[in-house]
Amino acid sequence: MFSLTLASRCWLCHQPLQLARHGICSLCVRQLSPFPLCCPRCGLPSAHPHAPCGRCLLKPPPWQSLIFASPYQPPLSSLLLRFKYAAAPELAPPLARLLLLRWLARWRAGEVVRPEVVLSIPLHRQRYRQRGYNQADLLARPLAKWIGCHYWPHALLRLRATPPQQLLCEAERRRNLHRAFRCIQPLAGKHIALIDDVVTTGSTISEASNILNKQEIASLQIWCICRTL
């Protein structure tokens, strides 16, 4: 007698998946919210999605492009919260795949280069012990493998524990992260992709980007699952 096993189901619609490793079915991917017109550099709303916005022209951020899978809104924001706070590390590959699809679209359009090295925003060891994993690290590992580049998980270090960013205003976020990171890996001349789960005000990635730019890197892309618009 043969035993039947339940097929893996889509994280969004809960229907059986033809390819279990995708985690989210093709129908749900197509039905995600239409992508808004956004600046290719900062990721904020802009009338010209293929040129830096006025904000970036006046005050360029310390990276060259920002790529995200979805605005910070359901259904992906809900999945992201589950991934981050509800002990669901198995959500990393499906979420990373959505980010890969967005990067591929930008890369095929000639808007970004293929990174040589992928890095992730680190957690302080105290936060890591509480959560049990670093969500940015779990996203970065499959992305580096799929793209065929290096992943250096320990290149960036978190030097001190900081209060959760979501409890702070923008100015407090900047002060909170001052001198919070250190880069211990030589990166001169490398094209870098820096992974985080969500970008809100950009304080975290700005601080980390400034540290990386001191290494005289060739270019820096920011990749995240959700961007707050």
Side-chain angles (χ1 to χ4, degrees), residues 38-44 50-53 55-56 59-69 92-93 95-124 128 133-159 162 165 173-174 177-228:
C38 291
C39 170
R41 184 154 187 175
C42 69
L44 292 175
H50 303 295
C53 65
R55 294 175 296 262
C56 291
K59 187 178 180 181
W63 60 81
Q64 283 68 52
S65 58
L66 191 149
I67 299 169
F68 58 98
L95 291 172
R97 177 176 171 266
L98 297 180
L99 184 49
L100 173 71
L101 295 176
R102 288 297 305 170
W103 176 82
L104 282 172
R106 296 277 299 273
W107 178 64
R108 288 166 178 163
E111 297 178 6
V112 294
V113 300
R114 182 190 296 270
E116 298 170 272
V117 178
V118 168
L119 306 177
S120 56
I121 292 291
L123 285 182
H124 189 268
Y128 186 94
Y133 56 88
N134 176 1
Q135 68 279 1
D137 169 74
L138 295 187
L139 294 168
R141 290 180 183 275
L143 284 165
K145 180 180 178 180
W146 295 332
I147 292 167
C149 63
H150 298 289
Y151 174 47
W152 292 344
H154 305 298
L156 271 178
L157 300 180
R158 193 107 179 199
L159 300 181
T162 55
Q165 289 286 90
R173 288 177 184 229
R174 290 195 297 269
L177 291 163
H178 184 57
R179 295 182 179 177
F181 300 107
R182 177 191 297 167
C183 182
I184 61 172
Q185 187 86 28
L187 297 171
K190 300 290 187 183
H191 294 284
I192 306 295
L194 178 61
I195 315 298
D196 204 359
D197 57 338
V198 61
V199 170
T200 305
T201 64
S203 299
T204 300
I205 56 170
S206 291
E207 183 67 22
S209 297
N210 288 329
I211 297 299
L212 295 175
N213 284 323
K214 291 179 181 179
Q215 297 278 321
E216 298 184 352
I217 59 177
S219 69
L220 178 60
Q221 304 170 38
I222 305 299
W223 299 357
C224 60
I225 302 301
C226 290
R227 173 65 157 123
T228 300

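As a basis for the values below, the full set of heavy atoms in this structure was taken, side chains included, without hydrogen atoms, waters or symmetry mates. The structure presented is a predicted model; accordingly, all values stated were derived computationally and were not measured.
The side-chain heavy atoms of L156 and L212, taken from C-beta on, include a pair separated by under 4.5 Å. Two residues are said to be in side-chain contact when any heavy atoms from C-beta on lie closer than 4.5 Å; I147 and L100 meet this criterion. S203 is not listed as a side-chain neighbour of S206, based on a closest heavy-atom distance of 4.5 Å or more. C39 places none of its side-chain heavy atoms less than 4.5 Å from the side chain of L66. Between I217 and V117, every side-chain heavy-atom pair lies at or beyond the 4.5 Å cut-off. Within the 4.5 Å cutoff, the side chain of I222 has no heavy atoms near those of the D196 side chain.
Here the closest non-hydrogen pair linking L143 and A96 is CD2-O, 3.4 Å. When every heavy atom of R158 is checked against every heavy atom of P122, the shortest pair comes out as NH1-O, 3.1 Å. R41 and P61 get closest at one heavy-atom pair: NH2-O, 2.9 Å. The minimum heavy-atom distance between L187 and Q215, with the atom names listed, is N-OE1, 3.3 Å. Across all non-hydrogen atoms, the minimal contact from I67 to R102 is CG2-CB, 3.9 Å. Smallest separation of non-hydrogen atoms from L194 and S120: CD1-C, 4.0 Å.
Taken to the nearest 0.5 Å, the CD1 atom of I192 stands 10.0 Å off from the CG atom of N213. A distance of 12.0 Å separates CD1 in I121 from CG in L139, rounded to the nearest 0.5 Å. To the nearest 0.5 Å, the span separating SG on C226 from CG on L95 amounts to 8.0 Å. Between the OG atom in S65 and the CH2 atom in W223 there is a gap of 9.0 Å [rounded to 0.5 Å]. For the atom pair CH2 of W107 and CD of Q221, the computed distance is 11.5 Å after rounding to the nearest 0.5 Å. In this structure, CD1 in I225 is found 11.5 Å from CZ in F68, a value given to the nearest 0.5 Å.
The number of heavy atoms from other shown groups lying within 6.0 Å of CD (Q185) is above 12. Counted within 6.0 Å of OH on Y128, heavy atoms from surrounding residues, nucleotides or ligands total 12 or fewer; the atom is thus considered open.
In this structure, the side chain of R227 does not engage the main chain of V198 through any donor-acceptor pair within 3.5 Å.
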Chi angles and distances behind the side-chain contact (heavy atoms from CB on, under 4.5 Å) call for L44, C53: CA-CA 8 Å; L44 292 175; C53 65; 5.8 Å; no

Q64 and V112: CA distance, side-chain angles, deciding distance, side-chain contact (heavy atoms from CB on, under 4.5 Å) verdict: CA-CA 9 Å; Q64 283 68 52; V112 294; over 6 Å; no

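Contacts classified as salt bridge (Lys or Arg N to Asp or Glu O under 4.0 Å) and involving residues 105-120 (residues at least two apart or in different chains) are given here: R106-E111. Listed by first and then second residue, the salt bridge (Lys or Arg N to Asp or Glu O under 4.0 Å) pairs that reach into residues 135-150 are D137-R141, sequence neighbours excluded.
Under the ring pair (Phe, Tyr, Trp, His ring centres under 6.0 Å) criterion, W63 pairs with no residue, sequence neighbours left out.
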